[in-house]
Amino acid sequence: MGISISDYLILRLQKLGVSEFFGLPGDYNFNIITSVENNPDTNWIGCTNELNAGYAADGYARIKGYGALITTYGVGELSAINAIAGSMSEFIPVMKITGVPSTKHIRQNTLIHHNLNTPDYHAFINAYSNVVEAAAFLTKENAKDEIDRLINIMIKEKKPVYLALPMDICNEIIDENYIECTQKSDESSLNSALEAALDLIKKAKSPAILADVMIKRFEAREEFYTLAKKSNYPASTLLMGKDILNCEFPNFSGTYVGKFDNPIAYKSINNSDCPIFIGTVISDINTQGFSLEVNPDDFINIQGNYTIVKNIMYKNVLMKDILEKLAQNIEKSESKTDFEYYYKDTQANKEKLSYDYFCEKLQDFLNEGDNLVCETGLINLALAKLKLKKNISVNNQVLWGSIGWATGATLGVSIADKSKRTILLTGEGSHQLSATEISTMIRNKLKPVIFVINNNGYTIERLLSDDLMDEFNNIAKWDYLKLPYVFGSNIYSASVKNDLELDNVLNKIQNEQKDKMCYIELCMDTFEMPELAKKAWGHIEIKK
């Protein structure tokens, strides 16, 4: 049987689990959006701007595995490029779909709207080619092959791809059959990597595991848990992979934060004679200043589709496969970790609201299975000590760090799994960039719990600036208590100014306001910050 090109594209993505498509309409993409609406298993989610739609598709993909964003040519797609670059940075497989002008205008190089005044119909695919794993400009002849190629790349590499679809090509008929993408390790490379890793482990006296977010991206959590439990090695996580392990794992040594805090995790990794990195992202903030002091000659690094042992790379080795084989061949260690790195015994302050008190109460407030979305900045440092219950998903953007991401991503996370509660932690500076997406949440009857930390400007930027009180780190003062009501109803909002008020509001959310969007302003002093931030920036003299 035959199927139109745009219908085929939507069908292929729907088979991957993409049932919601984010974006904005424009005259060049109407045919694509119509295909979304005509598919009984997919829905169109119109957002307030393309950048937020990109953030939403990113958040959605973190929960569902894959996401999709549809914009119009030029003006729409360029608004979204930052979001897609973030997905590229953090291994989030989103398909960026752009509706472009008709083939005849492209061939004739006609000057029509949304174009540069010297037309270049490939200028924007060229721009996107720098921030996606692969890109394609569809024609009638290549459409099916290119759609299948891009989808296979998304599956294998867990990175975004870009597709330009001319409006007149959408309705061309192609064959709807396709071959499922299958992945398998190269057996020779896998066995060589396994042999080298086991040889190193067996000779070691103190192996230790450092786990991170790529375990989630490459869908290897089950295999990782089996290995972690079987080995009983001390295991830590980095900030990006905060939710990979929780304190119920018997040998969990907490989140690794370098020399600043949690010496148990720091020593277990840096004193190990066989550190095993699994899915780690070794970036500045994620490692707290590149504080890992491992020797490449006694180091195992397992990534999504390759493994490095003693400075030798073994390609085409899938993370799931080598973790499974390691678990089958490893002996249990008798090591024991005494872990207590989480918020506890913080005294309530009647005069003001403190970061650490909020975080300790947040530990109790979070329910099993909640989806937590955390903005970039100080909030991510607060995560380090957070004690998590089972199956809590933590979603952050530590590497790309685009302020405003979390509010847009909360829309995507909420839609991806409506059966679970979504909680957003954001600073008011970041929130101002993308707050209009609250209206899309209300329009779609979503009920996240939103905490907006109002500390009078960009506090993390103040800490990094030469002058802590420089004017450029000030922002407009909004009346956050009223803000969500501009967009709709069925909302509970409150402003919290001290620790005792926080207790009252959290109790109301848990018991009286379960069926509403909850929008809470947390009013903190300008330089109130998590304990880890105080230690990391303790050398800075704060002049209030």
Side-chain angles (χ1 to χ4, degrees), residues 88-91 133 153 156-159 183-228 230-231 233-241 244-245 256 258 265-266 268-331 333 398-399:
M88 181 68 174
S89 175
E90 305 225 344
F91 282 72
E133 186 68 10
I153 288 171
K156 291 177 180 178
E157 303 298 332
K158 308 302 181 187
K159 290 183 179 180
Q183 297 184 83
K184 57 186 297 186
S185 295
D186 178 273
E187 283 297 322
S188 175
S189 188
L190 172 61
N191 291 331
S192 295
L194 176 66
E195 182 180 352
L198 287 173
D199 180 64
L200 195 57
I201 290 169
K202 288 175 181 177
K203 292 177 181 177
K205 295 181 180 179
S206 56
I209 292 172
L210 185 62
D212 202 17
V213 69
M214 292 302 164
I215 293 171
K216 293 168 62 176
R217 301 289 189 264
F218 285 88
E219 301 170 353
R221 294 184 80 147
E222 184 177 341
E223 292 80 3
F224 168 71
Y225 290 144
T226 301
L227 173 65
K230 176 84 179 292
S231 69
Y233 297 153
S236 306
T237 61
L238 292 173
L239 282 175
M240 289 178 73
I244 298 296
L245 289 170
Y256 180 94
Y266 181 80
S268 72
I269 297 300
N270 289 305
N271 292 345
S272 172
D273 57 356
C274 182
I276 306 170
F277 288 13
I278 306 176
T280 52
V281 176
I282 304 175
S283 66
D284 54 351
I285 296 175
N286 204 33
T287 63
Q288 299 300 307
F290 300 110
S291 60
L292 295 164
E293 301 170 2
V294 298
N295 181 351
D297 290 331
D298 57 22
F299 166 56
I300 299 171
N301 184 4
I302 299 171
Q303 293 296 332
N305 46 32
Y306 67 89
T307 291
I308 298 173
V309 183
K310 297 178 67 173
N311 252 347
I312 299 174
M313 177 180 284
Y314 301 88
K315 297 181 180 179
N316 300 317
V317 174
L318 299 184
M319 180 186 289
K320 298 176 75 164
D321 292 343
I322 192 164
L323 292 180
E324 183 178 11
K325 285 188 174 293
L326 279 172
Q328 292 170 356
N329 290 276
I330 215 159
E331 294 182 4
S333 166
V398 173
L399 180 54

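If you read the sequence from its start, that first residue is 1, and numbering goes on from there. Small disclaimer: the values here were computed from a predicted structure and weren't measured.
The number of heavy atoms from other shown groups lying within 6.0 Å of CD (E331) does not exceed 12. Within 6.0 Å of atom CD in Q183, more than 12 heavy atoms from other residues, nucleotides or ligands are found, so the atom counts as buried in its surroundings. The number of heavy atoms from other shown groups lying within 6.0 Å of CD (E222) does not exceed 12. Other residues, nucleotides and ligands place no more than 12 heavy atoms under 6.0 Å from the NZ atom of K325.
You'll find the side chain of I269 reaches within 4.5 Å of the side chain of F277, heavy atoms only. The shortest side-chain heavy-atom distance between L190 and D186 does not fall under the 4.5 Å cut-off. Counting heavy atoms from C-beta on, the side chains of Y233 and I330 come closer than 4.5 Å. With a 4.5 Å cut-off on side-chain heavy atoms, E219 and K158 count as touching. Within the 4.5 Å cutoff, no side-chain heavy atoms of P234 are placed close to those of I209. Looking only at side-chain heavy atoms (C-beta outward), Y225 and L245 come within less than 4.5 Å of each other. With contacts defined as side-chain heavy-atom distances shorter than 4.5 Å, the pair P207/S333 does not qualify.
Taken to the nearest 0.5 Å, the CD atom of E157 stands 6.5 Å off from the CZ atom of F218. Atoms CD1 and OG, on I300 and S272 in that order, are 9.0 Å from each other to the nearest 0.5 Å. Considering OH of Y314 and OG of S189, their distance stands at 8.0 Å, rounded to 0.5 Å. Of the inter-residue distances, the one linking L326 atom CG with F224 atom CZ reads 12.0 Å to the nearest 0.5 angstrom. Rounded to the nearest 0.5 Å, atoms CG (L323) and CG (L318) are 10.5 Å apart. From I201, atom CD1 reaches atom SG of C274 across 5.0 Å, with rounding to the nearest 0.5 Å.
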Checking side-chain contact (heavy atoms from CB on, under 4.5 Å) for the pair D212/I244: CA distance, chi angles, key distance, verdict? CA-CA 7 Å; D212 202 17; I244 298 296; 5.9 Å; no
Could you walk me through whether T280 and M240 satisfy the side-chain contact (heavy atoms from CB on, under 4.5 Å) test, starting with their C-alpha distance in whole Å, then the side-chain angles of each, then the deciding distance to 0.1 Å, before giving a yes or no? CA-CA 9 Å; T280 52; M240 289 178 73; over 6 Å; no
side-chain contact (heavy atoms from CB on, under 4.5 Å), that's the test. Do V281 and T287 meet it? Break it down for me. CA-CA 8 Å; V281 176; T287 63; over 6 Å; no
Under the criterion side-chain contact (heavy atoms from CB on, under 4.5 Å), I'd like the reasoning laid out for N286 against D284: C-alpha separation, chi angles, the key distance, then a yes or no. CA-CA 6 Å; N286 204 33; D284 54 351; over 6 Å; no
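A cation-pi contact, defined as under 6.0 Å to the ring centre and within 45° of the axis, is absent between K315 and Y306.
By the 30° and 60° cut-offs, the orientation of the rings of Y266 relative to Y256 is parallel.
A donor-acceptor contact shorter than 3.5 Å links the side chain of K230 to the backbone of A327. In terms of modelled atom types and a separation under 3.5 Å, the side chain of R217 and the main chain of K159 share no donor-acceptor contact. At least one donor-acceptor pair closer than 3.5 Å links the side chain of D273 to the backbone N or O of K205.
Of the charged side-chain nitrogens involved, at least one lies within less than 4.0 Å of a carboxylate oxygen, so that K203 and D199 count as a salt-bridged pair.
For the residue pair A220 and M319, the shortest heavy atom distance occurs at CB-SD, 3.7 Å. Between S236 and A265, the shortest heavy-atom distance links the atoms OG-CB, 3.4 Å. In plain terms, the two heavy atoms of D297 and K310 that are nearest each other are O-CG, 3.2 Å. Residue N295 comes nearest to D298 through the heavy atom pair O-OD1, 2.8 Å, listed as atom of the first residue, atom of the second, then distance. Taking each heavy atom of D321 and S185 in turn, the nearest pair found is OD2-OG, 2.6 Å.
If you run side-chain contact (heavy atoms from CB on, under 4.5 Å) between L210 and each of I276, V294, N301, L292, only L292 comes through.
At a cut-off of 3.5 Å, with distance as the only test, no side-chain donor of N305 or N316 sits close to an acceptor on the other residue.
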